[in-house]
Amino acid sequence: MPSFSIRNATEEHNDAAFIDAAFDSTLPHLSSIGSGEQWGSVPFTQRGTHVEETIKQVRESESYRLTGRGEKIRVLIAEAEIPAHPAGKEDLRCRVDDQGRRWLRVGAAVCRVDWVPGYVLKQEGLSAGLRKEEREGGFVYLEVVVTDFRAGDLRKGAGGALIRGMAEFARSIGRRTVWADGWAGNGRKLIGYYESQGFEKIGDFGLERKGKNDWEGTLLRMDVGEEHETHS
């Protein structure tokens, strides 16, 4: 497993375009393992205003980080240290730091502070805990974690590194919990992954979809007041 570095997303590094490409790269893999219903089959870069929304998220993340004002959002990028540019991966861009080390972007994560998705707020039996924690000091909500399947094995472990980075961010702003939700279909593979990273199940929910089966979801919570042992 490569060594990972977690940094803040920036406009300077054109990270929004990388995030969009990473999202698109997941779709063939999800389909191949029977998880196509998680995100569907239409490339994210062809979905309405998705590209513009990603640019906006990166811009708002930078603004919040630098000023403490505006939307309380943080976008992180995971980079793997590599000795040379991967053969046959000319479409991937590397960054060389001041020490001459070469880094390849392999994943991204988005979280928001004291925020809950609307579809979770509608689950009254599940959202009560979130409302309680908001009154008692707040929390961080992990909106999404995505890794770039174009990077092959170099992406393995990046998801866990990003979750640890989000936990560190939560602690740095005085939040003691990170919440998340995930697709619970296909044998709950994704939920099992989150649990291996330190999350605990709060409850299940379903979202109605016109002409399709309900989207099955699970709400999860992780205490980040102290470091937790995770399994890659």
Side-chain angles (χ1 to χ4, degrees), residues 4-23 44-45 47-81 93-99 101 103-121 127 129-148 158-181 197-199 220-227:
F4 295 106
S5 173
I6 304 298
R7 64 169 174 82
N8 294 297
T10 68
E11 291 187 280
E12 177 186 359
H13 290 104
N14 196 25
D15 287 324
F18 161 74
I19 294 169
D20 290 332
F23 268 113
F44 284 85
T45 49
R47 299 185 189 187
T49 61
H50 178 86
V51 171
E52 291 78 10
E53 284 299 316
T54 306
I55 293 171
K56 180 181 177 183
Q57 286 179 346
V58 171
R59 184 176 296 132
E60 290 177 338
S61 175
E62 280 197 274
S63 177
Y64 177 56
R65 175 173 59 87
L66 295 172
T67 70
R69 297 191 295 271
E71 290 293 322
K72 297 179 180 179
I73 182 174
R74 182 60 57 93
V75 182
L76 297 182
I77 300 293
E79 296 178 315
E81 185 174 9
R93 292 180 58 187
C94 293
R95 176 179 67 87
V96 179
D97 65 19
D98 294 339
Q99 287 75 45
R101 294 180 297 179
W103 300 93
L104 177 69
R105 292 176 295 192
V106 291
V110 180
C111 77
R112 297 178 186 267
V113 182
D114 304 333
W115 169 92
V116 186
Y119 58 84
V120 172
L121 280 176
S127 62
L130 284 159
R131 295 179 187 276
K132 180 175 182 291
E133 288 197 6
E134 185 173 18
R135 293 192 299 269
E136 295 178 352
F139 54 88
V140 165
Y141 201 100
L142 181 57
E143 188 173 355
V144 70
V145 176
V146 62
T147 58
D148 188 355
L162 285 161
I163 290 172
R164 292 190 293 275
M166 284 299 179
E168 182 178 337
F169 165 66
R171 287 191 291 269
S172 75
I173 59 170
R175 303 305 194 266
R176 299 182 64 83
T177 58
V178 174
W179 291 69
D181 66 83
Q197 298 300 315
F199 283 91
L220 305 114
R221 176 186 182 277
M222 179 169 60
D223 185 344
V224 298
E226 297 179 0
E227 295 285 353

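In this chain, residues are counted from 1 in sequence order. It should be emphasised that the depicted structure is a prediction, and the values quoted were computed from it without experimental measurement.
- Taking both residues in full, the closest heavy atoms of Leu121 and Ser127 are given as O-OG, 3.5 Å, listed atom of the first, atom of the second, then distance.
- Glu143 places a side-chain heavy atom less than 4.5 Å from the side chain of Trp115.
- Between Leu104 atom CG and Arg95 atom CZ the span is 11.0 Å, to the nearest 0.5 Å.
- When every heavy atom of Asn14 is checked against every heavy atom of Arg105, the shortest pair comes out as O-NH1, 3.6 Å.
- At distances below 3.5 Å, at least one donor-acceptor pair connects side-chain atoms of Glu62 with backbone N or O atoms of Glu11.
- Taken to the nearest 0.5 Å, the OG1 atom of Thr10 stands 5.5 Å off from the CD atom of Glu12.
- Ring-plane geometry between Phe44 and Phe23 is classed as tilted, the angle between the planes lying from 30 to 60 degrees on a 0 to 90 degree scale.
- Between the OH atom of Tyr141 and the CD atom of Glu134 there is a distance of 13.0 Å, given to the nearest 0.5 Å.
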Exercise for review: Go through the steps for Glu71 and Lys56 under the test side chain to side chain contact (heavy atoms under 4.5 Å, CB included), then give the verdict.
Suggested key: CA-CA 10 Å; Glu71 290 293 322; Lys56 180 181 177 183; 5.9 Å; no
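- When all heavy atoms are compared, the tightest approach of Phe139 to Glu133 is CB-OE1, 3.9 Å.
- Annotation: the span from Cys111 atom SG to Leu162 atom CG amounts to 10.5 Å, rounded to 0.5 Å.
- For the pair Gln99 and Asp97, the tightest heavy-atom approach, listed with the atom from each and the gap, is N-OD1, 2.9 Å.
- The ring-ring contact (aromatic ring centres under 6.0 Å, His included) test applied to Trp103 returns no partner, not counting sequence neighbours.
- Side chains of Asn8 and Leu76 form a contact here, defined as non-hydrogen atoms less than 4.5 Å apart.
- In this structure, Ser61 and Val75 approach most closely via the heavy-atom pair OG-N, 2.9 Å.
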Practice item. Using the side chain to side chain contact (heavy atoms under 4.5 Å, CB included) rule, take Phe199 and Leu142 through it: C-alpha gap first, then chi angles, then the decisive distance, then the call. Key: CA-CA 11 Å; Phe199 283 91; Leu142 181 57; 4.2 Å; yes
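- Within a 6.0 Å sphere centred on CD of Glu168, other residues, nucleotides and ligands contribute 12 heavy atoms or fewer.
- Remark: Met222 CE to Met166 CE distance equals 10.5 Å, nearest 0.5 Å.
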Check your understanding: side chain to side chain contact (heavy atoms under 4.5 Å, CB included) between Val106 and Phe4: does it pass, once the steps are laid out?
Key -> CA-CA 9 Å; Val106 291; Phe4 295 106; 3.8 Å; yes
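- Annotation: the span from Arg171 atom CZ to Arg176 atom CZ amounts to 10.0 Å, rounded to 0.5 Å.
- Test Arg135, Arg175, Arg131 against Asp114 for salt bridge (Lys or Arg N to Asp or Glu O under 4.0 Å) and you get one pass: Arg175.
- More than 12 heavy atoms of other shown residues, nucleotides or ligands fall within 6.0 angstrom of atom CZ in Arg47.
- Annotation for Val110 and Gln57: closest pair CG2-OE1, 4.0 Å, computed over non-hydrogen atoms.
- At least one side-chain heavy atom of Ile173 sits less than 4.5 Å from a side-chain heavy atom of Val140.
- Under the side chain to side chain donor-acceptor pair (under 3.5 Å) test applied with Thr54, the options Thr45, Thr49, Asp20, Asp15 reduce to a single match, Asp20.
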